[in-house]
Amino acid sequence: MNQFACIAGIDFSADAAEVARRLIGVTLLVDGVGGRIVEAEAYDSSEPAAHSYGGRTERNFSMFGPPGRSYVYRSHGLHWCLNFAVREPDHGAGVLIRALEPTHGLEQMRARRGLQDERLLCAGPGRLAQALGVTRAHNNLALDAAPFTLLPATEAVAVVAGPRIGISKAVELPWRFGLAGSPFLSRPFR
DNA sequence: CTTAGGATCGCCT
DNA sequence: GGCGATCCTAAGC
């Protein structure tokens, strides 16, 4: 295992699905604001739902960089979404961070989201990025340095898996992972 | 509770 | 010109 790709006890050079599963329970902060990851999805250049499926472009180049860096893209013209690049350079794999259980900087997240309800602050990739202040400026940055902080899970977690959300291709792959029973998911598992 | 439509940018055919 | 790894609101049942 490449120890330089190891962050918060996770080997980012592993398969996207394995990294996504192991990220559940890890704390993610951006400038000290964030919480515990409760939902993540894996994407890989070998399957057509991934942005990297068609090869490197201006938009997705950070998916093809070294593991342990961020990939931020704009969705539907108005939302930002945060991913972690995994595997090795030129492969094109990543993990979409879909939901957090808010733990740090609640008031700042409420202000950015214009909402009080804790359950809706980070329940979805666009909401999460807005609450943490993630924009294009956060693309292609190392995850083990400021403004990012990743902290290992402090206890064992029960992880469930299911089909990914909001895609039309490769819908059969069970590459969505979540913390069992969490009220902070973007949508429940069934 | 479920569904439908609009907002709005950048990549792709 | 079409369509997305989305979110919010409004209306219908």
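Below, all heavy atoms of this structure are taken into account, side chains as well, without hydrogens, waters or symmetry copies. Convention: sequence-line order gives letters A, B, ...; per-chain numbering from 1.
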Of all the choices, B:dA7, C:dA5, B:dC11, which nucleotide is nearest to the side chain of A:Leu78 once you look at every atom?
-> B:dA7
What integer number of Å spans the P atoms of C:dA5 and B:dT13?
-> 14 Å
Among side-chain atoms of A:Arg112 and A:Gln130, is any donor-acceptor pair under 3.5 angstrom?
-> no
Are the charged groups of A:Arg21 and A:Glu18 less than 4.0 angstrom apart, N to O?
-> no
Under 4.0 angstrom, heavy atoms only, what part of the nucleic acid is A:Ile167 near: base, sugar-phosphate, or nothing?
-> sugar-phosphate
Near-parallel close stack of A:Tyr43 and C:dA5 base (under 5.5 Å, under 30°) = yes
Residue closer to the 5' end of DNA chain C, A:Gln130 versus A:Ala50 (nearest nucleotide) | A:Ala50
Round to the nearest Å and state the distance from A:Arg56 atom CZ to B:dC12 atom C1'.
-> 18 Å
Using the six-membered ring of A:Phe184, assess whether NZ or CZ of A:Arg36 lies under 6.0 Å from its centre and within 45 degrees of the ring axis.
-> no
Write down the distance separating the P atoms in B:dG5 and C:dC13, rounded off to the nearest Å.
-> 14 Å
When you get a sec, tell me which of C:dT6, C:dC8, C:dG4 is the closest nucleotide to the side chain of A:Arg127?
-> C:dC8
Taking for each residue the nucleotide of DNA chain B with the nearest heavy atom, is it A:Arg136 or A:His76 whose nucleotide lies nearer the 5' end?
-> A:His76
Atom OH of A:Tyr53 and atom P of B:dC12 are separated, to the nearest Å, by 14 Å
Between CZ of A:Phe61 and P of B:dC11 the distance, given in whole Å, is 11 Å
Complementary nucleotide for B:dT8 - Watson-Crick or wobble, under 3.5 Å | none
A:Leu115 vs A:Asn83, nearer the 5' end of DNA chain C by closest nucleotide | A:Asn83
A:Glu172 CD - C:dA5 C1' separation (whole Å) | 15 Å
Any chance the side chains of A:Glu39 and A:Ser186 put a donor and an acceptor closer than 3.5 Å?
-> yes
5'-most by nearest nucleotide on DNA chain B - A:Gly77 or A:Gly54 = A:Gly77
side-chain contact (heavy atoms from CB on, under 4.5 Å) with A:Leu82: which of A:Leu28, A:Asn139, A:Thr135, A:Leu96?
-> A:Leu28
Contact class for A:Arg59 (heavy atom, under 4.0 Å): base, sugar-phosphate, or nothing?
-> sugar-phosphate
Could you give the CZ-to-P distance, from A:Arg74 to C:dG4, as a whole number of Å?
-> 18 Å
Rounding to a whole Å, what distance do you find between A:Asn60:CG and C:dG4:C1'?
-> 14 Å
What nucleic acid atoms does A:Arg113 come within less than 4.0 Å of, heavy atoms only: base, sugar-phosphate, or nothing?
-> sugar-phosphate
Take atom CD1 of A:Ile97 and atom P of C:dT6, then tell me their distance rounded to the nearest Å.
-> 14 Å
Think A:Arg176 has a side-chain N or O under 4.0 angstrom from the OP1 or OP2 of C:dA5?
-> no
Is there side-chain contact between A:Trp80 and A:His138, with heavy atoms separated by less than 4.5 Å?
-> no
Measure from CZ on A:Arg187 to C1' on B:dC1 and round the result to the nearest Å.
-> 13 Å
